[in-house]
Amino acid sequence: MTRLYLSPPHLSGEELDLIRDAVESNWIAPLGPHVDAFEQEFADAVGGRHAAALSSGTAGLHLALLLLGAGPGDEVLCSDLTFAATAFAITYVGARPVFVDAEPESWNVDPALLAEALEDRARKGRLPAAVIVVDLYGQSADWVPILAACERYGVPVIEDAAEALGATYRDRPVGGFGQFGVFSFNGNKIITTSGGGMLVSCDGEAIARARFLASQARDPAPHYQHSTVGYNYRMSNLLAAVGRGQLRVLEERVEARRRIFSWYAELLGDLPGVEFMPEAPYGRATRWLTCLTVDPEVSGITRETIRLALEAEDIESRPVWKPMHLQPVFDGCDMYGGTVSERLFETGLCLPSGSAMTRRDVERVAGIVIGRA
Ligand SMILES: *Cc1c(COP(=O)(O)O)cnc(C)c1O
């Protein structure tokens with residue numbers, strides 16, 4: 001039997017034809033017709049906004065912070081339970097992250113705690129330059145109260161939707177709730193270009209500025225002139241061709257991930273002490289990864305018991321993200337709350353969830369979990 005990975009790439013079959021077109025037209029460059037088409041098709045897919053195709057989601061977060069003017073000495077409020085790239089971007093502009101705990105209902109940032117954090121920062125006369133809110137593991141954050149709190153203090157919002165392409169909140173696609181939305185096409189995401197990202201916004205001028213900064217900030221002159229520091233963050237035309245082939249099957253990929261989740265829920269839902277990441281009533285989660293928690297007091301085992309048993313059978317699973325406030329690199333950063341994300345890290349496990357998994361694959365994983373529970 002072959003190794004089961006957590007979330008491997010899943011090609012649509014259309015990518016090769018699109019790559020062939022890119023090769024035959026000689027557009028082997030960080031610009032070209034596939035980049036333009038991918039941006040347009042992506043903007044349409046997430047609700048008619050403007051989009052800039054980039055070399056990574058992390059680059060998108062960095063550019064969003066630059067465009068909002070975040071810089072040295074500033075603070076940026078940030079979801080505590082996330083992948084480190086969210087918080088790394090804050091350090092790239094010389095700002096300092098301040099972390100806000102998750103809520104158990106969605107595993108996303110706790111809106112009430114975020115409001116408290118903003119109030120506390122305002123009282124100290126130190127409003128953050130921005131707030132970055134993550135849509136975790138394919139599930140939207142609770143945007144109505146989050147945006148109400150941020151608007152009250154006039155603080156701009158960046159939506160890190162890297163893990164949640166295809167998810168909705170109150171029937172609207174994620175990625176459009178803040179001033180900027182960021183997506184990732186890294187190899188493990190729901191669609192992939194091997195590596196890549198997209199920055200979206202309603203503000204077309206800001207997206208034009210993002211493209212400028214992402215292509216080394218070349219002033220409009222025949223010679224090479226630069227009035228500001230630029231970055232090499234654009235997406236290659238070859239990879240944009242792959243992205244177009246992937247975007248065409250996004251809806252199927254969401255359905256497949258949700259089906260895989262429902263199989264796990266059917267097979268493992270009755271195990272004592274095992275609970276799945278809840279789906280909040282306000283939207284549709286993609287179930288990018290099927291995540292569960294294992295309560296050692298009820299089940300008599302830990303999530304590590306399961307993870308090691310799976311690994312022994314050549315199956316990859318991963319603990320839920322280690323919260324940012326527990327990361328050595330962010331030692332000393334301020335934090336609001338923290339016990340929810342700590343508990344999710346201690347008890348949480350992500351199971352193999354690739355959209356090409358069959359019922360038999362899921363039964364193979366579930367059988368091992370049941371054998372240890
Ligand atoms: C994957 C991911 C990123 C980074 O995206 P890259 O394309 O890998 O740079 C950022 N934030 C979150 C929450 C992610 O999961």
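Both counts, for ligands and for their atoms, begin at 1 and track the order of listing.
At a threshold of 4.0 Å, the pair R364-D361 does not count as salt-bridged, since none of the basic side-chain nitrogens sits closer than that to a carboxylate oxygen. By the 4.0 Å N-to-carboxylate-O rule, R209 lies too far from E205 to be salt-bridged with it. Between R3 and E311 there is a salt bridge, since at least one side-chain N of the basic residue sits less than 4.0 Å from a carboxylate O of the acidic one. R360 and E363 are not joined by a salt bridge, as no carboxylate oxygen comes within less than 4.0 angstrom of a charged side-chain nitrogen.
Ring planes of Y137 and W107: perpendicular class, angle over 60° (limits at 30 and 60°). Between F42 and F183, the two ring planes are perpendicular [angle over 60°; tilted spans 30° to 60°].
Counting only non-hydrogen atoms, the option in K189, H62, E163, M198 that gets closest to atom 1 (C) of ligand 1 is K189. One option in I132, N186, T58 has a heavy atom closer to atom 9 (O) of ligand 1 than any other, and that option is T58.
Every atom of ligand 1 with a heavy atom of S56 under 4.0 Å away is listed here by number and element: 7 (O), 9 (O). For ligand 1, the atoms lying closer than 4.0 Å to a non-hydrogen atom of T86 are 11 (N), 13 (C). Residue contact check: A162 has heavy atoms under 4.0 Å from atoms 2 (C), 3 (C), 10 (C), 11 (N), 12 (C), 14 (C) of ligand 1. Here is the list of ligand 1 atoms found below 4.0 Å of a heavy atom in A85: 3 (C), 4 (C), 10 (C). For ligand 1, the atoms closer than 4.0 angstrom to any heavy atom of T82 are 13 (C). Close approach of ligand 1 to G196 (heavy-atom distance below 4.0 Å) involves ligand atoms 7 (O).
Scanning the protein for heavy atoms near atom 11 (N) of ligand 1, the closest one is D160 OD2, 2.8 Å.
Ring to ring, F276 and Y264 are not that close: their centroids are 6.0 angstrom or more apart.
No N or O atom of F185 sits closer than 3.5 Å to an N or O atom of ligand 1.
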